[in-house]
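First the structure, in the form of structure tokens, and then the observations on it.
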2 protein chains.
Amino acid sequence: MTFTQNKIASILRHSGYKITPQRRAVLNIISQSHDHLTPAAIYEKVHQQHPRIGLVTVYRTLDILAELGLICEVHSGGSCRSYLMRRPAEHHHHLICSDCGAVIDFTDCDLSNLEQRLAREAHFEIKGHLLEFTGLCRDCRKRMKQKKAAR
Amino acid sequence: MTFTQNKIASILRHSGYKITPQRRAVLNIISQSHDHLTPAAIYEKVHQQHPRIGLVTVYRTLDILAELGLICEVHSGGSCRSYLMRRPAEHHHHLICSDCGAVIDFTDCDLSNLEQRLAREAHFEIKGHLLEFTGLCRDCRKRMKQKKAAR
DNA sequence: TAGTTAATTGAAAATAATTTTCATTTAGCA
DNA sequence: TGCTAAATGAAAATTATTTTCAATTAACTA
């Protein structure tokens, strides 16, 4: 479950941004996909529905949405930058299949112990973290097994 | 401490790659820096010492070194892609200062519990993970405090 | 509800990042 | 030393991202 349209609109408005059809469209595409999408992929999908929208607008919208924490940037999956809808549960991370790119969220990472230790040892004030696991998802594992068996 | 030159040469050779002066130069630059360097920054430094080396070669070398695990890719620090020497301790991660870009390594992340849980719950075969903390390093914290005090 | 204005948009151009191609050179083995 | 596959550099091609600017529009105000 993602933020409701209303909630998102309210967050945008509160931060001084306007609610435009273009921004709605980008949000819709991202929230409808369970995958992470590159800016180009988002543009392509949005463009099908609203041919007049430009790639620049997609980039600008992604920047804003990411800044507000409504979507999140993913890095591991091959391409350098792609986006996912942010689930409302505060803190969460991703499991990314290195084969098919599927993304699974998980919530409780419990890095607080580690964080505290690092803060103490390195004299760092820790603000955030990026945690992504990569591996093979259930389907790809199955597929690989079948391939192996077929040989 | 990083891998010795010999160790690195041996790893390269074993993987069927030749030891060229260009590759040495790239490795030297990365191992001499305690910071993460973008491909462009690496090129610039290498180029000062060996003006005949091309940016393309730097890219190609980075790909190989990263593939072999001799250097690692960092993502958080503003620019999308930058590289650091891989320290020999098997498993390690980074603390990245979001202000000055300083990178501090740490080793024991102990994510194995989490990994096992995720593997079980999501039916994933976990191969690796990307863990980076971002925050303010000791120096930047100090600097900020001074700034605040000055106001 | 119309008028106003600052924010937003799209198109084009500019810039930056990365990859490909291909002729030439070279590391490392026989 | 000679051979060969791998590596290199230069240029061009491709891809990704940002900037600029005139035209449009969301949302507030009267």
Side-chain angles (χ1 to χ4, degrees), chain A residues 5-6 8-29 36-68 70-71 73-83, chain B residues 5-6 8-29 36-68 70-71 73-83:
Chain A
Q5 291 282 331
N6 281 344
I8 289 174
S10 144
I11 292 174
L12 276 171
R13 220 176 284 114
H14 266 93
S15 312
Y17 294 111
K18 293 179 177 173
I19 318 293
T20 66
Q22 291 89 339
R23 287 177 181 164
R24 272 185 215 288
V26 169
L27 263 165
N28 278 338
I29 289 302
H36 45 151
L37 300 171
T38 61
I42 293 167
Y43 168 69
E44 204 183 317
K45 281 166 188 273
V46 169
H47 195 257
Q48 277 172 15
Q49 296 172 15
H50 307 264
R52 313 238 11 236
I53 206 173
L55 178 57
V56 203
T57 299
V58 172
Y59 271 103
R60 287 190 279 227
T61 303
L62 291 174
D63 283 349
I64 293 172
L65 296 177
E67 178 203 322
L68 295 179
L70 296 170
I71 59 175
E73 253 182 62
V74 171
H75 282 281
S76 299
S79 71
C80 217
R81 199 173 151 191
S82 56
Y83 294 88
Chain B
Q5 290 282 330
N6 281 344
I8 290 175
S10 143
I11 292 174
L12 277 170
R13 217 176 287 111
H14 265 94
S15 312
Y17 295 111
K18 293 178 177 174
I19 318 292
T20 66
Q22 290 89 339
R23 286 176 182 166
R24 272 186 215 286
V26 169
L27 264 165
N28 279 339
I29 289 300
H36 45 149
L37 300 171
T38 61
I42 293 167
Y43 167 70
E44 204 183 318
K45 282 167 187 271
V46 169
H47 195 257
Q48 276 172 16
Q49 297 172 13
H50 306 265
R52 313 237 12 236
I53 205 174
L55 178 57
V56 202
T57 299
V58 172
Y59 271 103
R60 286 191 281 227
T61 303
L62 291 174
D63 283 347
I64 292 172
L65 295 176
E67 177 203 322
L68 295 179
L70 296 170
I71 59 176
E73 253 184 62
V74 171
H75 283 281
S76 299
S79 71
C80 215
R81 198 172 151 191
S82 55
Y83 294 88

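Throughout, a chain's letter reflects where its sequence line sits, starting with A, and its residues are numbered from 1.
- The minimum heavy-atom distance between B/S15 and B/L68, with the atom names listed, is OG-CD2, 3.5 Å.
- If you take OG1 on B/T20 and CD1 on B/I53, they are separated by 7.5 Å, rounding to the nearest 0.5 Å.
- Separating the CZ atom of B/R52 from the C1' atom of D/dA10 is a distance of 10 Å, rounded to the nearest angstrom.
- With distances taken from any side-chain atom of A/T20 to the nucleotides C/dG28, C/dT9, D/dA7, the minimum falls on C/dT9.
- Of all nucleotides listed (C/dT8, D/dG9, C/dT20), C/dT8 comes nearest to the side chain of A/K18.
- Between B/Q22 and C/dA27 there is no side-chain polar atom (N or O) within less than 4.0 angstrom of OP1 or OP2.
- The separation between A/R24 atom CZ and D/dA26 atom C1' is 11 Å, rounded to whole Å.
- Each of C/dT8, D/dT8, C/dT19 was ranked by its minimum atom distance to the side chain of A/Y17; first place goes to C/dT8.
- Summarising the geometry, the separation between CG on A/L55 and C1' on D/dT15 is reported as 11 Å, rounded to the nearest angstrom.
- Put simply, CD1 on A/I64 is 16 Å from C1' on D/dT17, counting in whole angstrom units.
- Atom CZ of B/R60 and atom P of D/dG9 are 8 Å apart (whole Å).
- Proximity of B/T57 to the phosphate of D/dA7: no side-chain N or O atom is located under 4.0 Å from OP1 or OP2.
- Counting to the nearest Å, the C1' atom of D/dA27 and the NE2 atom of A/H14 are 15 Å from each other.
- Considering only side-chain atoms of A/R23, the nucleotide from D/dT8, C/dT26, C/dT8 that sits closest is C/dT8.
- Comparing D/dA26, C/dG10, D/dA7 by their nearest atom to the side chain of A/P21 picks out D/dA26.
- As a whole-Å value, the separation of B/I53 CD1 from C/dT26 P is 14 Å.
- To the nearest 0.5 Å, atoms OG1 (A/T57) and NE2 (A/H47) are separated by 10.5 Å.
- Atoms CD1 and CG, from B/I64 and B/L27 in turn, are 10.5 Å apart once rounded to the nearest 0.5 Å.
- Checking C/dT19, D/dG9, D/dT19 against the side-chain heavy atoms of B/Y59 singles out C/dT19 as nearest.
- For the pair A/H36/A/Y83, no side-chain contact is recorded, criterion being any heavy-atom separation below 4.5 Å from C-beta on.
- For the OP1/OP2 pair of C/dT18 and a distance below 4.0 Å, the side-chain nitrogens and oxygens of B/R81 include at least one atom meeting the criterion.
- Taking atom NE2 on B/H50 and atom C1' on D/dT8, their separation rounds to 14 Å, with Å as the unit.
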